[in-house]
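Before I ask anything, let me first share the structure, which is written out below as structure tokens.
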Amino acid sequence: MLADLSALELGRLRMSVGYGTHKKGRPLSPIEVGKLIRRVKGAGVSTEDCAKAINLDKTGIGRFLRILDLPEGIQHLVSWGTQKGSVGFSAAAQLGRFKDAEDQHAVVDAILSEGLSSKEIGQVAQLKIRSGRGISECLKEVLGMRPVIEKRHVFIGTIENQDVESILAGLTQAERDSILQSSIVTLNLGEVSGRLGKKLFTLVGSDSLDIAIRSMGPDNLEEQLIAQIQKGVNNVRLRD
């Protein structure tokens, strides 16, 4: 047993980071894993003992803790692997190479809209460090090296209802994403994916998303999505 964790939390932590978990699905997001590890460390457990208990090395522990330093508006986007509408764990771990929050947001925008890979993020970071140029120029140069560019459309909305925000904060990332996906299906937005945080939600899609934004208007689309999200939250409240 690890200090400050219940048996359920420890089990979910091990299931999320242990060998072969990608084949069975992971109950926690990388950020949720990082928060549990931080709790354990805060309770006085050494990095070595923590790593041993969940079958990670010290480097792995450090990567999970580092992503907790990312801006809150980015954290809910971090996922396992590379999925449209999210930032893969390997990519997120590299964002710490950019010390400026605005640079981190610019790189995340490129990940979502252009499918920027972990390798390309490393190239952008090296270019910025060596040249001292602005992040936009560095991103443009690295993306310009591609033989083919896949364009994606990104839509970001804000939830301003504090009651809804409070309930969302108590859900796991998987539960929040399930609410968002149901909202996407209800509004018939086509091939669109996304991530739902406690305050922000992000959609990524092909031309069908662009068409929806243009036809409905961004403010109307945001309002309808928030309404659907609130319905999903109310269902959770009734279930509990």
Side-chain angles (χ1 to χ4, degrees), residues 1-83 85-96 108 159 161-182 193-202 229-230 232-240:
M1 185 69 65
L2 282 176
D4 207 37
L5 290 191
S6 67
L8 176 61
E9 288 173 325
L10 178 57
R12 295 174 79 185
L13 182 56
R14 285 173 170 164
M15 288 175 64
S16 298
V17 302
Y19 175 76
T21 51
H22 63 286
K23 299 178 181 178
K24 298 177 286 187
R26 308 179 195 246
L28 301 177
S29 72
I31 290 292
E32 290 163 345
V33 168
K35 287 180 177 178
L36 290 183
I37 290 175
R38 183 169 62 186
R39 270 176 52 190
V40 170
K41 295 274 292 170
V45 178
S46 69
T47 300
E48 292 81 359
D49 288 343
C50 180
K52 191 174 184 180
I54 59 176
N55 196 28
L56 274 181
D57 56 23
K58 291 170 64 175
T59 301
I61 295 291
R63 292 176 76 201
F64 281 109
L65 292 176
R66 279 197 298 275
I67 64 174
L68 297 182
D69 293 329
L70 294 173
E72 186 175 335
I74 292 175
Q75 289 189 13
H76 73 281
L77 295 170
V78 182
S79 69
W80 304 108
T82 54
Q83 310 164 26
S86 67
V87 177
F89 178 48
S90 296
Q94 289 216 60
L95 289 175
V108 167
I159 297 168
N161 185 309
Q162 292 186 346
D163 290 336
V164 173
E165 182 180 338
S166 177
I167 295 172
L168 288 173
L171 302 179
T172 65
Q173 186 63 57
E175 289 170 332
R176 291 196 296 266
D177 289 343
S178 178
I179 290 174
L180 180 60
Q181 191 57 44
S182 295
S193 56
R195 302 279 283 187
L196 174 60
K198 65 180 182 181
K199 191 174 182 63
L200 299 175
F201 61 88
T202 305
I229 289 170
Q230 186 158 358
V233 166
N234 289 337
N235 289 336
V236 170
R237 182 186 290 162
L238 291 172
R239 187 175 68 234
D240 294 341

For this session: To the nearest 0.5 angstrom, please state how far the CZ atom of Arg66 sits from the CG atom of Leu68.
Result: 11.0 Å
Exercise. Closest approach of Ala3 and Val45, non-hydrogen atoms and distance?
Worked result: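 It is CB-CG2, 3.7 Å.
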Exercise. Measuring from Lys41:NZ to Asp4:CG, what's the distance to the nearest 0.5 Å?
Worked result: 14.0 Å
For this session: Give the intermediate values and the outcome of side-chain contact (heavy atoms from CB on, under 4.5 Å) for residues Leu65 and Arg38.
Result: CA-CA 7 Å; Leu65 292 176; Arg38 183 169 62 186; 4.0 Å; yes
Exercise. Would you say the side chain of Thr172 lies within less than 4.5 Å of the side chain of Pro27, judging by non-hydrogen atoms?
Worked result: no
Exercise. Can you tell me if CD on Glu48 sees more than 12 non-hydrogen neighbours from other groups inside 6.0 Å?
Worked result: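 Yes, CD of Glu48 has more than 12 neighbouring heavy atoms, counting only those of other groups under 6.0 Å.
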For this session: Could you check if a side-chain atom of Ile61 sits within less than 4.5 angstrom of a side-chain atom of Ile54, using non-hydrogen atoms only?
Result: yes
Exercise. Are any non-hydrogen side-chain atoms of Leu36 and Leu2 less than 4.5 angstrom apart?
Worked result: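 No, every pair of side-chain atoms sits at 4.5 Å or beyond.
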For this session: Can you see which heavy atom on Arg63 is nearest to which on Ala93, and at what distance?
Result: NE-CB, 3.9 Å
Exercise. Between Arg12 and Leu28, is there a donor-acceptor pair closer than 3.5 Å when you use the side chain of the first and the backbone of the second?
Worked result: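 Not confirmed, Arg12 side chain does not pair with Leu28 backbone.
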Exercise. How far does CG of Leu168 sit from CG of Leu180, to the nearest 0.5 angstrom?
Worked result: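 CG of Leu180 is found 10.0 Å from CG of Leu168.
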Exercise. From Gln230 CD over to Asp163 CG, what is the distance, rounded to the nearest 0.5 angstrom?
Worked result: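 The CD atom of Gln230 sits 8.5 Å away from the CG atom of Asp163.
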Exercise. Quick one: does Ser166's side chain have a donor or acceptor within less than 3.5 Å of a partner on Gln162's backbone?
Worked result: no
Problem set entry | Heavy-atom pair of closest approach, residues Arg26 and Ser16 |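 So the two residues come closest at NH1-O, 2.7 Å.
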Exercise. How are the rings of Phe89 and Phe64 set relative to one another: parallel (under 30°), tilted (30 to 60°) or perpendicular (over 60°)?
Worked result: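 If you compare the ring of Phe89 with that of Phe64, the planes turn out parallel.
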Exercise. side-chain contact (heavy atoms from CB on, under 4.5 Å) between Leu200 and Leu77: does it pass, once the steps are laid out?
Worked result: CA-CA 10 Å; Leu200 299 175; Leu77 295 170; over 6 Å; no
Problem set entry | Distance in Å, Leu70 CG paired with Gln75 CD, rounded so as to fall on 0.5 Å steps |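 The distance works out to 6.0 Å.
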Exercise. Does the side chain of Asn55 come within less than 4.5 Å of Arg14's, by heavy atoms?
Worked result: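 Heavy-atom side-chain distance check fails, nothing below 4.5 Å.
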Problem set entry | Heavy-atom pair with the smallest gap, counting every atom of Val40 and Cys50 |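 Heavy atoms only, the tightest pair is CG1-SG, 4.2 Å.
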For this session: Ignoring hydrogens and angles, tell me if any N or O in the side chain of Glu32 forms a donor-acceptor pair with the backbone of Gln173 under 3.5 Å.
Result: yes
Exercise. How far apart are the C-alpha atoms of His76 and Ile31, what are their side-chain angles, what is the distance that settles it, and do they pass the side-chain contact (heavy atoms from CB on, under 4.5 Å) test?
Worked result: CA-CA 8 Å; His76 73 281; Ile31 290 292; over 6 Å; no
For this session: State the CD1-CD1 distance between Ile159 and Ile229, to the nearest 0.5 angstrom.
Result: 4.5 Å
For this session: May I ask you to decide whether Glu9 forms a salt bridge with Arg39, counting only side-chain N to carboxylate O separations under 4.0 Å?
Result: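 Salt bridge present between Glu9 and Arg39.
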For this session: Please check if the side chain of Arg195 supplies one atom and the backbone of Ile74 the other of a donor-acceptor pair under 3.5 Å.
Result: no
